[in-house]
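In each ligand, atom 1 is the first atom listed, and ligand 1 is the first ligand listed. Residue numbers start at 1 and run along the sequence shown. A quick note: this is a predicted structure, and the numbers were derived from the prediction, not measured.
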Amino acid sequence: MNELTAAFDRLAPWVFKFRIRDQDYGGAISALGDERLERFFCFAPDAARVLELGSLEGAHTVQIAARPGMTEVVAIEGRAANIAKASLVQRASGIANAEFVQANLEETDLASFGRFDAIFCSGLLYHLPEPWKLVEALPAVAPKLFIWTHYARDAEAEVISHGLRGKIFVESGLEEPLSGMSPTSMWLTLGSLITALTRSGYGSVHVLHNDLTHPNGPAVTIGATTSALPPSISGGEG
Ligand SMILES: C[S@@+](CC[C@H](N)C(=O)[O-])C[C@H]1O[C@@H](n2cnc3c(N)ncnc32)[C@H](O)[C@@H]1O
């Protein structure tokens, strides 16, 4: 057994599989070729400083950091055990321009990390009890926000909070590496998610993909920007 295999084994179990120097380590799911990353790079092709929210084992982080022209990725993650895994992946992959920070996104002041070109928020929003609070804080942090999230079907919406409709989801606890940090979360309906984004200052909210057949519930990919129109259309350039 080589040293790296032993290091991965010590931190098992893993969710994601990592290909490092032609050998596979970790779990069963490869994030190589993940269409969410492809959509993110299309949405924010020139982003050089990226903030990632809920980075788990760093499977997306290392790929974003390895993109040509990327100067820095700051990845926020709530669980120390996930950060330990991501740090191993980072070291083993020789990625120098990523930083993993342990923080609870239900309460962290994201402005303290400075300004970014884009935010990559995949698999995180539907784990929050008050997702609108995070959404409200994001326009001040970056002009571009990429989201992949599950949402509540309209027929499932049973609660209204902060003027937004959704359903309450029971989370799996602090020991579960993929879960939220609070006992429950609120899954917004797609309409309410778009309302929350618009209300928070995103002048442009585009649904990039809408997966109605995901086994865990409908999942939407959204690209939101704080300017209503691209500069070439609004006359802000040239
Ligand atoms: C479902 S996983 C998504 C992982 C990855 N971003 C992806 O798209 O595959 C959710 C991740 O968000 C983290 N997370 C959930 N709630 C959080 C919170 N309040 N603060 C920080 N991290 C959180 C979890 O620990 C986990 O790593």
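The atoms of ligand 1 that sit less than 4.0 Å from any heavy atom of His60 are 7 (C), 8 (O), 9 (O). Less than 4.0 angstrom separates some heavy atom of Asn82 from each of these atoms of ligand 1: 25 (O), 27 (O). Contact atoms of ligand 1 toward Leu178: 1 (C), 2 (S), 10 (C) (distance under 4.0 Å to a heavy atom of the residue). Residue-ligand proximity, Glu106 to ligand 1, at heavy-atom distances under 4.0 Å covers atoms 19 (N). Residue Gly180 approaches ligand 1 through these ligand atoms, each under 4.0 Å from one of its heavy atoms: 15 (C), 16 (N).
Nearest to atom 18 (C) of ligand 1 by heavy-atom distance, out of Glu107, Gln102, Arg79, Met181, is Met181. Of the candidates Gly54, Gly78, Gly123, it is Gly123 that places a heavy atom closest to atom 10 (C) of ligand 1.
Of the protein's heavy atoms, Leu124 CD2, 3.7 Å lies nearest to atom 14 (N) of ligand 1. In terms of protein heavy atoms, atom 8 (O) of ligand 1 is closest to Ser122 OG, 2.6 Å. Of the protein's non-hydrogen atoms, the one nearest atom 19 (N) of ligand 1 is Asn104 OD1, 2.8 Å.
In the model, Glu171 has a side-chain atom that pairs as donor or acceptor with a side-chain atom of Ser185 under 3.5 Å.
Between Trp187 and Tyr126, the angle of the ring planes goes over 60°, which puts this pair in the perpendicular group of the 30/60° scheme.
Residue contacts with ligand 1, taken as heavy atom pairs separated by less than 4.0 Å, involve Ala103 solely via the backbone atoms N, CA, C and O. In Ser179, the part holding a heavy atom less than 4.0 Å from any atom of ligand 1 is the backbone.
Stacking of Arg67 on the aromatic ring of Phe41 is recorded, both the 6.0 Å distance cut-off and the 45° axial limit being met.
Residue Leu128 has no N or O atom closer than 3.5 Å to an N or O atom of ligand 1. Between Leu105 and ligand 1, a contact under 3.5 Å exists for at least one N or O pair. Between Tyr126 and ligand 1, no N or O atom pair is found at a separation short of 3.5 Å. Residue Glu77 places at least one N or O, backbone or side chain, under 3.5 Å from an N or O of ligand 1. Close N/O approach between Phe16 and ligand 1 is not found [any backbone or side-chain N/O within under 3.5 Å]. By the 3.5 Å distance cut-off applied to N or O atoms, Glu52 is not counted among the residues near ligand 1. Where the criterion is an N or O separation shorter than 3.5 Å, residue side chain and backbone included, His127 fails it with respect to ligand 1.
Under a cut-off of 6.0 angstrom, the local environment of NZ in Lys167 is crowded, with over 12 non-hydrogen atoms contributed by other residues, nucleotides or ligands.
For the ligand labelled ligand 1, residue Pro177 lies inside the 4.0 Å heavy-atom shell. Under a 4.0 Å heavy-atom criterion, Glu57 is not in contact with ligand 1. In this structure, Ile76 has no heavy atom closer than 4.0 Å to ligand 1.
Checked by atom type and distance alone, the side chain of Ser192 pairs as donor or acceptor with a backbone atom of Arg165 at under 3.5 Å. In terms of modelled atom types and a separation under 3.5 Å, the side chain of His206 and the main chain of Leu208 share no donor-acceptor contact. In this structure, Gln102 contributes its side chain and Gly78 its backbone to a donor-acceptor pair below 3.5 Å. The main-chain N or O of Phe16 is found under 3.5 Å from a side-chain atom of Glu57 such that the two form a donor-acceptor pair. Panel note: side chain Glu77, backbone Arg79; a donor-acceptor pair is recorded below 3.5 Å. A donor-acceptor contact shorter than 3.5 Å is absent between the side chain of Asn210 and the backbone of Val220. For the pair Lys144 (side chain) and Phe43 (backbone), a donor-acceptor distance under 3.5 Å is present. In terms of modelled atom types and a separation under 3.5 Å, the side chain of Ser179 and the main chain of Ser172 share a donor-acceptor contact.
Between Tyr25 and Phe18, the distance separating the two ring centers is not shorter than 6.0 angstrom.
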